[in-house]
Protein chains: 2
Amino acid sequence: MPEPTPGARPTLEAVAARAGVSRATASRVVNGGAGVRRPLVEKVSRAVEELGYVPNHAARTLVTRRNGAIAVIIAEPEFRVFSDPFFEQQVRGISRELTAHDAQLVLLWVEGSGDYDRIARYLGGGHVDGALAFSLHNDDGLPAVIARAKVPTVFGGRPGWPGAGAGQQVPYVDCDNRGGAREAVRHLVSLGRTRIAHIAGPRDQTSALDRIDGYRDALLDAATGGGPGLIAQGDFTVDSGARAMAELLERAPDLDAVFAANDLMASGALRVLRERGRRVPQDVAVVGFDDMTPLAESCDPPLTTVRQDIEGMGRLMVRLLMRVLGDGTGTGADENADEPGAGAPGSVITPTRLVRRASA
Amino acid sequence: MPEPTPGARPTLEAVAARAGVSRATASRVVNGGAGVRRPLVEKVSRAVEELGYVPNHAARTLVTRRNGAIAVIIAEPEFRVFSDPFFEQQVRGISRELTAHDAQLVLLWVEGSGDYDRIARYLGGGHVDGALAFSLHNDDGLPAVIARAKVPTVFGGRPGWPGAGAGQQVPYVDCDNRGGAREAVRHLVSLGRTRIAHIAGPRDQTSALDRIDGYRDALLDAATGGGPGLIAQGDFTVDSGARAMAELLERAPDLDAVFAANDLMASGALRVLRERGRRVPQDVAVVGFDDMTPLAESCDPPLTTVRQDIEGMGRLMVRLLMRVLGDGTGTGADENADEPGAGAPGSVITPTRLVRRASA
DNA sequence: CATCACGGTGAGAGCGCTCTCACCCTAATC
DNA sequence: GATTAGGGTGAGAGCGCTCTCACCGTGATG
């Protein structure tokens, strides 16, 4: 058991002394050992081992200006967030990928606009190399705070606040909300449905808006009477889905299909349909979005839905950020990049996939 | 708009120069300004403002040996954890208290023993001042890894691994599991119940063991026939509670009360009792543990349970850690400390409270 | 008037590391 | 044998900050 020096942790100096080399050479070995002859590499390695040397992070950061930490900004507008399986999966993906890049995850939990100052100070303080944030609500002031801090940031979900796509290009990772919605509705069309309604998500979230667009795309393609479609407003919760479904049945008793902007609302819709004696999918076909697996599978009937790879999106957020930071960790293999040639790291749109179950 | 110097961030040197003072004085002002005369304080403050100066964290850490960050180690033996409302609440409490102490939360997500090395390296690398961990399973190797890193650590939940209480005193925060269980069972006794069964949690978790002890305590007190009690094994999941309940009904058809070691299992038990035609609480009274509010309230009938202040425990973990770290932030006010006199920061046991609803 | 005490200030050392640059040694070339 | 090339190594500067300590001026004291 090579007990380290009593008390203080050994410095690179100590390692160098023990190995009989200069601090510079010891440093080289510790950082990979490029350009150092074998015997010296081994001597230094042994000294490191024996002394139990661990590099001082602060000293290293001071000179390299890199601290190997990434902030994950979690705003909690509603009270869910953490227990939301969506976030859990995304954070898991982020955590895994960050680990692969040897970077740490600093969690910035924002509970309200009162925290903005603290966040801005922290981000501006150079504690982290970059940040990951989620574009939740467009009317939120947080994006502005983040932008002002001038820390390289990648967003989860397409940001929708004023001037986003226009002036400053904000890299983000999102799934193909519009395409996924289009596919969902096309599927309903292919089933011969002609009165297809939509339960939309909150209007201040781009994902909800994009899904509405996809719904409209498909309706136009199908030339199913056209018109603005039949849309009821929800807010991504089960109850709102139920309410919206009830409203739709009121407005259009003859509807034969519903595309809900997420699985939670779809499950609420299913409940109402069941209560009103409509058979799914015979009378009304239902498609959701997200494929929250345990939920979608346990619906009655199991929910046909649009799957997005949430954990993968988390990982992509990290990769994108690392690219922005000029990290050369070429993971090669997968090339999901949006812009193949461009040097400036653009955003990434991940594909979605329709998962057919019993509801449509 | 006082635009900061182009490119690089201003250093203390720059602030000092602009304010016409020495670096030392500028530093004093930045750190609270004790012992600096008013006019100078103002001059420096203005310079800070104008230059948009933000202290370089790495440089500061390098000399002070404090980095204002705490690791929160989350091991994920099962696949839940994050979406577990228990953890969410505890992490929320931790986050809030950490913010109050101006400390950052570094999330260390452990997915398996393969991560131990990484964790050890990180903890040993002095990136954080301290750590918070949760004692999940006693057979887990993680506690040993943490102990070896010699980073001040506070545990959530009484650690139960070999040599814990004995050799090294590990500070922890836990609720009064035994007392709470005792109170729950006493309540059942006071209701005139004589055949009281227990659905226990996993045997490798101290909380489960302590609750069993509390159950036995109360039975002994009541001298209700004595004996080892009627215990069925569960694992804190709803299904296990249901299975345990079925088993209990088999073994003791005449039981008239059940104390489940958590609310999840209690809800499973309620389901089985309902299925078997036993009325709650008339035929069988049921008490749970945790008071997971939405769940306990929405049970049928609403669950009588033992409440613990989970978020508060998270905050206490941070306070305890700060005390270990010698942080002088005397929040005064509340004095939940276990050991009033002792200088060595002991552990904290938070009180529990029986919440009466309809099930008992 | 000389001395002391003391709060306020600045000079300078160093925290532990990386990185540039000069140096040295060996081997190839003229 | 003298020269050049080039890889390996060490000396030393410096990242931005804190903190000790010496110093200076002021007001109280002998």
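All chains are named by letter (A, B, ...) in the order of the sequence lines, taking the proteins before the strands, and each is independently numbered beginning at 1. Just so it is clear, the structure is predicted and the values come from calculations on it, not from any experiment.
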Rounded off to whole Å, could you give me the [atom1]-to-[atom2] distance for the [X] and [N] pair?
X	N	atom1	atom2	value
Leu12(B)	dC19(D)	CG	C1'	13 Å
Arg60(B)	dT18(D)	CZ	P	5 Å
Arg9(A)	dG16(C)	CZ	C1'	10 Å
His57(A)	dG16(C)	NE2	C1'	13 Å
Tyr53(A)	dG16(C)	OH	P	10 Å
Arg66(B)	dG16(C)	CZ	C1'	19 Å
Glu13(A)	dT18(C)	CD	P	13 Å

Next on the checklist: Less than 4.0 angstrom from a charged side-chain N to a carboxylate O is my criterion; do Arg315(B) and Glu311(B) meet it?
Outcome noted: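 Result for this pair is yes, salt bridge flagged.
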Item to check | Residues Arg46(B), Glu50(B): salt bridge by 4.0 Å N-O rule | outcome: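 A salt bridge is absent here (no side-chain N lies under 4.0 Å from a carboxylate O).
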Give, for atom [atom1] of [X] and atom [atom2] of [Y], the distance between the pair rounded to the nearest 0.5 Å.
X	Y	atom1	atom2	answer
Ile70(B)	Ser95(B)	CD1	OG	12.5 Å
His127(B)	Asn67(A)	NE2	CG	9.5 Å
Leu105(B)	Trp109(A)	CG	CH2	9.0 Å
Leu123(A)	Leu108(A)	CG	CG	6.5 Å

Checklist entry - For Arg37(B) and Val54(A), take the nucleotide of DNA chain C holding the closest heavy atom to each; which residue's nucleotide lies nearer the 5' end? => result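 Of the two residues, Arg37(B) wins.
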Checklist entry - Considering only dT18(C), dC17(C), dC17(D), which nucleotide approaches the side chain of Thr64(A) most closely? => result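 That would be dT18(C).
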Anything under 3.5 Å between a protein N or O and an N or O of nucleotides 10-15 of chain C, put it in a table, one pair a line.
from	atom 1	to	atom 2	distance (Å)
dG10(C)	OP2	Ser22(B)	N	3.0
dG10(C)	OP2	Ser22(B)	OG	3.1
dG10(C)	OP2	Thr25(B)	OG1	2.6
dG10(C)	N7	Arg28(B)	NH2	3.0
dA13(C)	N6	Arg23(B)	NH2	2.9
dC15(C)	O3'	Arg65(B)	NH2	2.4

